[in-house]
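These notes concern the structure reproduced below.
Since the structure is predicted, the reported quantities are computational estimates derived from the model, not experimental observations. Here is the naming used below: chain letters follow the sequence lines, and residue numbers restart at 1 for every chain.
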2 protein chains.
Amino acid sequence: MRSPTLHDVARSAGVSYSTADRVLNGRGGVAEKSAQRVQRAIEELGYRRDIHAANLSRRRNYRFLFLLPRGDHGFFTVLREALARETVRRMVDRLVITHREVPAFDAEALAAELDATNPEDYDCVALIGVDSAALDTAIRRLVENRLPVITLVSDSASDLRQSYIGIDNVIAGRTAGRLMRLTHLGRTGKVQPILGTLGVRDHRDRLQGATEVIAAAGSGLQILPPIEVQDRPEIMLGRLSDILQGDPGITGIYSIGGGNRGLIELLDRITGPRPVAVLHELTPHSRAALERGVIDAVIDQKPAEEISRAIDAMRAIADDMPAPDSRVVPTIYLADNLPDQNANGGWT
Amino acid sequence: MRSPTLHDVARSAGVSYSTADRVLNGRGGVAEKSAQRVQRAIEELGYRRDIHAANLSRRRNYRFLFLLPRGDHGFFTVLREALARETVRRMVDRLVITHREVPAFDAEALAAELDATNPEDYDCVALIGVDSAALDTAIRRLVENRLPVITLVSDSASDLRQSYIGIDNVIAGRTAGRLMRLTHLGRTGKVQPILGTLGVRDHRDRLQGATEVIAAAGSGLQILPPIEVQDRPEIMLGRLSDILQGDPGITGIYSIGGGNRGLIELLDRITGPRPVAVLHELTPHSRAALERGVIDAVIDQKPAEEISRAIDAMRAIADDMPAPDSRVVPTIYLADNLPDQNANGGWT
DNA sequence: TCAAAACTGATTGACGTCTATCATCTCCTC
DNA sequence: GAGGAGATGATAGACGTCAATCAGTTTTGA
């Protein structure tokens with residue numbers, strides 16, 4: 001029941017260990033027919049190289065670089081904390097994870113950071129994608145220098161990056177739209193979408209998804225033109241409070257992006273019935289709001305899970321294994337199915 | 001930047017490698033003060049044993065046994081498939097996972113299977129808990145013979161098993177109740193709960209959770225006495241169709257257990273408005289029903305994730321690391337946020 | 001046909017840990 | 001102060017792979 005070693009492969013192929021090794025590791029200098037015999041032996045025996053023994057032997061560490069946005073934006077904070085946890089958790093597996101902070105929403109700065117990165121220093125890089133020619137160029141340089149790149153949370157340069165780990169934002173938007181429909185069964189209403197800016201692809205996608213579902217026949221719902229609040233709580237508070245006063249018929253609020261502290265503050269002030277409120281991303285603020293019944297649902301992309309999967313993917317890439325894209329399914333949190341407060345969403 | 005080895009520890013403690021090894025692996029025969037010096041060196045250097053090198057050296061495999069219910073019950077099928085995937089996926093990590101099928105819902109048979117298990121043959125056992133004295137006895141025997149046991153999906157013998165991986169069923173029920181409230185905003189209604197039998201703890205817990213939320217002040221909802229259908233589609237179909245005809249005021253159906261094929265068949269027949277329907281467990285049937293709009297929400301416990309976490313926990317236990325309980329948060333699936341069909345819920 | 005090139009095999013010492021054996025050395029006890 | 005128990009050190013061979021070297025064989029082509 002012992003699994004075969006490379007020695008077994010060599011013996012079965014009728015060649016020396018050296019030759020089997022040359023084939024396995026593509027060192028060259030092997031006659032075609034020998035190579036084929038080794039390959040066949042590998043398949044016949046079902047040989048799989050013991051990756052741990054290999055790593056031990058070559059004193060290999062997996063060196064991964066994460067570029068994450070700076071700042072106290074709730075979601076990014078959660079993301080950074082998840083990364084910090086995984087960093088220590090994975091040390092036993094020889095993963096050396098470096099984390100550099102870059103200014104949020106600044107493609108140029110991100111590109112500059114990549115340009116300043118020596119491709120020799122890492123085995124894989126993860127970053128949050130943005131649509132930007134400068135970023136694409138920077139990514140291309142790394143990839144051409146054999147440093148693979150993956151995108152996280154938001155995709156970009158999809159022909160260059162090896163893998164994308166994150167949610168499909170159209171689906172996230174559709175999920176929000178579905179929640180609006182379900183909370184409006186048997187009645188009509190108007191839904192007000194709020195986003196950071198229409199310039200961000202992710203926000204447009206969510207809006208599109210929500211619109212698809214809400215505007216579909218039989219919903220009895222109307223979706224209003226979106227307002228832009230730059231992910232800023234103050235702007236959110238001001239603009240939205242104007243709008244709610246102007247149109248008392250609004251029965252649903254869908255907050256697509258950030259700045260939710262403003263929204264929550266506003267909802268806290270409302271006495272009597274309030275509109276249904278659906279937000280994105282579980283943060284201490286949104287969680288507290290859910291718990292005290294000020295908002296109804298949070299759509300979350302499980303940052304801890306994304307980080308963990310990103311690391312898995314990076315490791316697979318570093319080991320030259322296929323690393324599939326991994327679409328995370330957006331999760332719905334209501335007041336009752338919140339994860340343990342301290343337990344990073346249950347991700348040990 | 002190299003992480004310290006046991007040789008480093010020995011040198012730093014001023015003892016030989018042998019002594020350091022004796023301390024690390026508790027082989028005994030070491031003077032108290034030497035042991036302390038070694039311990040101190042370990043802490044000072046931050047030494048962590050290289051578990052992969054250790055496993056390599058002692059030719060260790062992790063031998064885990066899963067006892068899962070037989071039968072084509074949708075949920076159990078998903079569970080078995082997830083296990084099969086993980087079994088191959090984890091082979092590279094020296095995990096040898098054995099899977100034995102036991103009759104479903106039969107504590108005696110499960111206990112018998114455990115009794116027939118030689119504690120020497122495995123490093124950890126996972127099973128789905130049931131309240132049963134016979135099972136407790138069987139578990140006790142294993143644990144006393146140094147074979148740790150964990151429970152999955154449903155807990156039992158909580159003082160004997162090392163860890164429980166699964167959802168909190170009260171929370172799952174509350175989540176269903178919350179969905180009922182949200183789908184009844186601005187209107188009143190009656191919710192009919194359906195379960196396998198009140199004899200099953202998990203079902204009672206879910207009912208309790210749902211009742212807590214639905215019966216709370218301000219819901220405008222009434223929860224009807226539960227009906228028992230033994231998880232059987234035919235019974236479900238018959239009983240429920242009688243009840244719906246008898247009481248046209250029913251606006252919500254909460255199916256707590258199995259037999260959902262009967263429920264779906266019934267709902268498919270309804271023309272015009274139908275009650276809100278919330279089910280448990282994503283299976284091919286429930287998924288299809290969601291997609292064609294016959295039911296509204298599925299509460300899922302992510303079996304693939306549970307399996308994966310169970311294996312993580314078992315490995316931690318086998319390595320003498322702390323293995324925390326892992327409460328999985330029940331997930332809500334609507335028509336729009338379903339996972340990839342083939343992709344076991346996104347769990348690679 | 002002979003030298004160069006291409007290929008093959010044998011061997012060795014890592015990597016960090018486990019396990020076993022054997023030889024010392026230091027006490028304590030009678 | 002001899003005998004024994006207990007503690008310690010030294011050493012060696014595994015585990016499966018990597019990486020390098022060197023000697024030897026076969027093939028190629030001019």
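For D:dA12, the OP1/OP2 oxygens have no side-chain nitrogen or oxygen of B:Y17 closer than 4.0 Å. The phosphate of C:dC7 has neither OP1 nor OP2 within less than 4.0 Å of any side-chain N or O from A:T19. Between B:R27 and the phosphate of C:dT19, there is a side-chain N or O to OP1/OP2 separation shorter than 4.0 Å. Dashed line: the shortest gap from a side-chain N or O of B:T5 to OP1 or OP2 of C:dC15 is not under 4.0 Å.
Distance, B:R58 CZ to C:dA20 C1': 15 Å, rounded to whole Å. To the nearest angstrom, C1' of D:dG16 lies 13 Å from CG of B:N61. Rounded to a whole Å, the CG atom of A:D21 is 18 Å from the P atom of C:dG13. The interatomic distance linking B:E32 (CD) with D:dT8 (P) rounds to 10 Å, in whole Å. The interatomic distance linking A:L56 (CG) with D:dA19 (C1') rounds to 14 Å, in whole Å. The distance between atom NE2 of A:H7 and atom C1' of C:dT11, rounded to the nearest whole Å, is 11 Å. Distance, B:L24 CG to C:dT17 P: 8 Å, rounded to whole Å. Atom CZ of B:R94 and atom C1' of D:dT17 are 12 Å apart (whole Å).
Residue contacts for A:S18: at a heavy-atom cut-off of 4.0 Å it reaches a base atom on one of the strands shown. A:H52 comes within 4.0 angstrom of no nucleic acid atom, judged by non-hydrogen atoms across all strands. Residue B:R49 is classed as a sugar-phosphate contact, given heavy-atom separations below 4.0 Å to backbone atoms only. Within the nucleic acid shown, A:N25 comes within 4.0 Å of sugar-phosphate atoms alone, with no base atom in reach, counting heavy atoms only.
Side-chain atoms of B:R59 lie closest to D:dA14 of the nucleotides D:dA14, D:dA7, C:dC15. Candidate nucleotides C:dG16, D:dT8, C:dT8 were compared by shortest atom distance to the side chain of B:A31, and D:dT8 ranks first.
For the pair A:E43 and A:R40, the salt-bridge criterion is not met [side-chain N within less than 4.0 Å of a carboxylate O]. Ion pairing between a basic and an acidic side chain is recognised when a charged N comes within 4.0 Å of a carboxylate O; A:E306 and A:K302 show no such pairing. Salt-bridge check for B:R315 with B:D312: failed, with every basic side-chain N at 4.0 Å or more from each acidic carboxylate O. A salt bridge links B:R161 with B:D155: the closest approach of a Lys/Arg side-chain nitrogen to an acidic carboxylate oxygen falls below 4.0 angstrom.
The cationic atom of B:R60 (NZ for Lys, CZ for Arg) lies less than 6.0 Å from the six-membered ring centre of B:Y62 and within 45° of the ring axis.
A:R22 contributes a side-chain N or O that forms a donor-acceptor pair with the base of C:dG9 under 3.5 Å. For B:S16 against D:dA10, no side-chain N or O and base N or O form a donor-acceptor pair under 3.5 Å.
Nucleotides of DNA chain D nearest to A:S57 and B:G14 differ in position, and the one nearer the 5' end is that of B:G14.
If you look at A:H7 and A:Y17, their ring centroids are closer than 6.0 Å.
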